[in-house]
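By convention in this document, chain letters (A, B, ...) are assigned in the order of the sequence lines, proteins followed by strands, and residues within each chain are numbered from 1.
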Amino acid sequence: MTTYIDIENHLSALLGYAVRESVGQTDGISIEIERPREASHGDYACNVAMKLARALRANPRQLAQQILAALPASPLIARTEIAGAGFINIFLHAAAWQQLVPHILGLTSTFGHNTLGQNRSVLVEFVSANPTGPLHVGHGRGAAYGASLANVLAASGYRVSREYYVNDAGRQMDILALSTWLRYLEQCGEPSIFPGNAYQGDYVRHMANAIFNQHGDRYCHPTAALTAQAPAFADEPDAHLDYLISEAKRILANDYPYFHAFALNEQLADCRNDLNEFGVVFDEWFSEQSLYDSGIVQRTLDVLEANGQLYEQDGARWFRSTRYGDEKDRVVQRENGLFTYFASDIAYHLNKLERGFDELIDIWGADHHGYIPRVKGALEAMGRNPDQLIIALVQFAVLYRNGQKAAMSTRSGEFVTLRELRAEVGNDAARFFYVLRKSDQHLDFDLDLAKSRSNENPVYYIQYAHARICRVLTQWGGDTQTLADADVTRLDSPSEIDLLRQLTNYPAVVAAAARELSPHLIAYALKDIAAALHTYYNAEQFLIEDIVLRHARLALISATRIVLNNGLTMLGISSPEQM
RNA sequence: GCGCCCGUAGCUCAGAUGGAUAGAGUGUUGGUUUCCGAAGCCAAAGGUCACUGGUUCGACUCCAGUCGGGCGCACCA
């Protein structure tokens with residue numbers, strides 16, 4: 001078995017050599033190998049002659065001629081031509097494509113991997129939803145995107161850590177603890193004083209039930225005292241909520257942390273379970289509270305203070321983010337002495353860098369884009385390189401059912417949860433539909449299409465290709481290991497060459513997906529590969545008398561199965577052997 | 001008002017460093033199975049890449065402006 005020659009690297013090296021030999025200087029000019037749309041323009045094309053033309057003040061077609069004259073011989077190249085304004089078109093021998101089959105069968109699960117990351121470490125932080133209720137479909141998109149992206153990066157030579165930032169320290173958690181206690185009081189038979197801006201969802205009642213069943217009326221107190229001041233807050237619902245929180249803390253005293261911790265643990269466990277079922281796992285669940293407990297928040301502000309980045313005004317402490325391109329300065333410590341979310345977030349990002357990661361990727365909802373300058377600015381203000389932090393924005397997903405929008409709002413309790421979505425369309429369809437769009441593009445999620453078990457559903461199209469191959473290999477009944485040694489020189493029909501080309505392109509797609517943080521490219525490549533497989537399946541027979549050709553074809557579809565499985569796995573989608 | 005994102009076929013969307021005649025699915029129309037799974041395949045039709053100008057050998061791609069849509073502009077997270 002001869003060793004595999006990577007076509008694009010090979011052509012790039014040959015042309016680079018030819019350019020140096022023929023016209024000499026190539027500074028600033030990179031050799032770009034592209035795949036023309038038009039088959040008559042060759043298998044690959046190079047535009048280097050046109051790029052050199054300007055600098056050398058020469059005719060591009062003449063340059064192309066000189067370059068081709070110096071082009072070394074290659075076992076892959078059948079012929080070359082000069083076309084158009086000065087394109088060098090390259091036509092390959094079938095062997096250039098055929099060599100891929102034993103290559104894939106040898107590598108199996110690592111085929112498609114690349115070394116773009118050069119073993120750098122990257123922390124991918126995603127989902128990070130407040131643990132104040134079930135994940136909804138918007139979080140689902142961030143989860144699917146982040147998990148797929150992390151897999152793409154891992155396949156591209158990065159050491160990847162997946163992290164969920166748990167906002168367990170803020171006011172929202174207090175509201176959840178309060179909501180749980182108030183529902184509990186209803187269980188105790190107290191008159192309901194549940195405000196409209198507390199958490200309305202049934203899951204709060206469920207937590208209250210659980211506590212009541214376990215502890216009876218141990219945490220019961222009369223609600224009369226809580227209602228006494230209510231009328232004063234008629235026009236200030238948020239102030240009313242804060243009042244109730246402070247009263248809950250006062251009345252429950254040492255029991256308040258119980259409600260807080262119970263609600264937090266319950267929601268976190270639910271969230272973790274939900275994501276696990278979705279195939280989304282994290283290496284670390286990082287607590288915001290731990291940033292306070294370990295003193296990092298204080299230390300962070302000390303650093304900023306020492307650097308002259310903070311000032312006092314109106315009783316609050318401000319960070320001079322306008323120095324770093326932000327629209328206005330931002331408060332890090334409020335008039336009431338409490339730190340803002342921003343303060344702990346600066347500390348969190350500092351902590352990430354102190355843990356030694358080379359790159360940080362934050363995946364945020366697109367509605368947080370205005371937050372970017374202040375976080376990057378804070379890193380810069382602490383003497384860090386803000387370019388180490390990359391923020392990937394994920395746009396909203398809008399569900400459509402029967403052609404109509406399904407609206408959602410966490411507070412009102414009328415949202416569609418990720419769990420409901422998964423139950424309705426299945427994990428595979430959900431993962432696929434979520435990453436089928438570019439992440440910074442709005443997503444119209446068609447529920448009816450996603451759950452249809454018909455040819456209209458693109459996820460089945462790909463899975464069906466995989467199942468079809470498995471079926472053929474099963475009917476054949478041989479050992480697929482032996483196919484690695486098959487003589488593949490007769491794989492030269494149009495549908496075979498086309499399929500081989502699609503498979504050859506796959507590693508470049510993975511690299512592009514990593515470079516562009518765009519796992520959707522994988523989904524589109526899989527559709528193309530599946531289409532080429534289906535065409536092949538209809539064009540040729542596999543289980544034929546001719547044993548050499550039979551083994552060659554089985555080797556090809558076996559390789560195709562491996563690539564489909566690699567890609568589907570990267571997107572967190574199953575590869576069924578039968579459907 | 002300012003900032004970020006977006007505008008490609010009837011619909012939903014791709015288009016990797018600027019390349020040659022613009023891509024897929026779906027929908028519409030027509031064809032396809034004595035044969036490994038028809039959840040498939042083949043074909044037709046469908047476009048002023050929002051608009052205007054600029055950069056250059058070449059622009060869907062880069063720049064400026066206009067129009068249209070989304071999001072954001074807290075001592076919330």
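Aromatic rings of A:Tyr461 and A:His534 (six-membered ring for Trp) have centroids within the 6.0 Å cut-off, being under it. When ring centroids are compared, A:Phe445 and A:Tyr434 come within the 6.0 Å threshold.
Pairing for B:A45 is absent, judged as Watson-Crick or G-U wobble with the two contacts each under 3.5 Å. If you check B:U66 for Watson-Crick or wobble pairing at under 3.5 angstrom, you find it paired to B:A50. Across every strand in view, B:G1 sits in a pair with B:C73 that passes the Watson-Crick or G-U test at under 3.5 angstrom. Pair check for B:G40 finds B:U32; Watson-Crick or G-U wobble, both atom distances under 3.5 Å. Pairing of B:G23, defined by two Watson-Crick or G-U wobble distances under 3.5 Å, is identified with B:C13.
When the C1' atom is used for both B:U66 and B:G7, the distance is 14 Å, rounded to whole Å. Spacing between B:U8 and B:G72 at atom C1', rounded to whole Å, works out to 27 Å. Using atom C1' as the reference point in both B:A9 and B:G3, the two lie 33 Å apart (nearest Å). B:C71 and B:G54: their C1' atoms are spaced 30 Å apart (whole Å). Comparing the same atom, P, in B:G23 and in B:G46 gives a spacing of 15 Å after rounding to whole Å. A gap of 23 Å separates the C1' atoms of B:U34 and B:A39, to the nearest Å. One C1' atom belongs to B:U28, the other to B:A45, and the distance between them is 8 Å to the nearest Å. Between the P atoms of B:C57 and B:G18, the separation comes to 15 Å (whole Å).
Atom NZ in A:Lys376 sits about 19 Å away from atom P in B:G3, given to the nearest Å. Per the geometry, CD belonging to A:Glu516 stands 7 Å off P belonging to B:U17, to the nearest Å. Atom CG of A:Asp326 and atom C1' of B:C75 are 15 Å apart (whole Å). B:G37 atom P lies 17 Å from atom CD of A:Glu540, rounded to whole Å. Here the C1' atom of nucleotide B:A77 and the OH atom of A:Tyr292 are 11 Å apart, to the nearest Å. Summarising the geometry, the separation between CG on A:Leu63 and C1' on B:C57 is reported as 13 Å, rounded to the nearest angstrom. Whole-Å rounding puts the A:Lys438 NZ to B:C60 C1' distance at 11 Å. Put simply, CD1 on A:Ile529 is 19 Å from P on B:A14, counting in whole angstrom units.
Of the side-chain N and O atoms in A:Arg471, none sit less than 4.0 angstrom from OP1 or OP2 of B:C36. One finds no side-chain N or O of A:Thr535 lying less than 4.0 angstrom from the OP1 or OP2 phosphate oxygen of B:G40. For A:Lys328 and B:C75, the shortest distance from a side-chain N or O to OP1 or OP2 is below 4.0 Å. In this model, the phosphate group of B:A77 is not approached by any side-chain N or O of A:Tyr341 to a distance below 4.0 Å at OP1 or OP2. The side chain of A:Arg171 places no N or O atom within less than 4.0 Å of a non-bridging phosphate oxygen (OP1 or OP2) of B:A77. Of the side-chain N and O atoms in A:Arg437, none sit less than 4.0 angstrom from OP1 or OP2 of B:A14. OP1 or OP2 of B:C42 has not a single side-chain nitrogen or oxygen of A:Tyr537 nearer than 4.0 Å. For B:C36, neither phosphate oxygen OP1 nor OP2 lies less than 4.0 angstrom from any side-chain nitrogen or oxygen of A:Arg550. The phosphate of B:A14 has OP1 or OP2 within less than 4.0 Å of a side-chain N or O from A:Gln441.
Between A:Asp326 and A:Lys376, no side-chain nitrogen of the basic residue sits less than 4.0 Å from a carboxylate oxygen of the acidic one, so the salt-bridge criterion is not met.
Using a 4.0 Å heavy-atom criterion, one finds that A:Arg317 contacts no nucleic acid atom at all. Using a 4.0 Å heavy-atom criterion, one finds that A:Asp444 contacts the sugar-phosphate atoms exclusively.
Relative orientation of the A:Tyr371 and A:His368 rings is perpendicular, given thresholds of 30° and 60° on the angle between their planes. Using a 30° and 60° split on the angle between ring planes, A:Tyr536 and A:Phe542 fall in the perpendicular class, above 60°. Between A:Trp364 and A:His349, the two ring planes are perpendicular [angle over 60°; tilted spans 30° to 60°].
Nearest heavy atom pair, residue A:Ala392 against residue A:Tyr145, reads CB-OH, 3.8 Å.
The aromatic ring of A:Phe396 does not sit over the base of B:C71; the criterion of centres under 5.5 Å apart with planes under 30° is not met.
Mapping A:Val509 and A:His534 onto RNA chain B by nearest heavy atom places A:Val509 at the nucleotide closer to the 5' end. The residue among A:His41 and A:Gln313 whose nearest nucleotide of RNA chain B lies closer to the 5′ end is A:His41.
At a cut-off of 3.5 angstrom, counting only N and O atoms as typed in the model, there is no donor on one side facing an acceptor on the other between the side-chain of A:His442 and the base of B:G69. Taking only distance into account, the side chain of A:Asn89 meets the base of B:A20 through a donor-acceptor pair shorter than 3.5 Å. No hydrogens or angles were tested; on distance alone, a donor-acceptor pair under 3.5 Å links the side chain of A:Asn538 to the base of B:G40.
Annotation: cation-pi pair A:Arg468/A:Tyr537 present, NZ/CZ under 6.0 Å from the ring centroid and within 45° of its normal.
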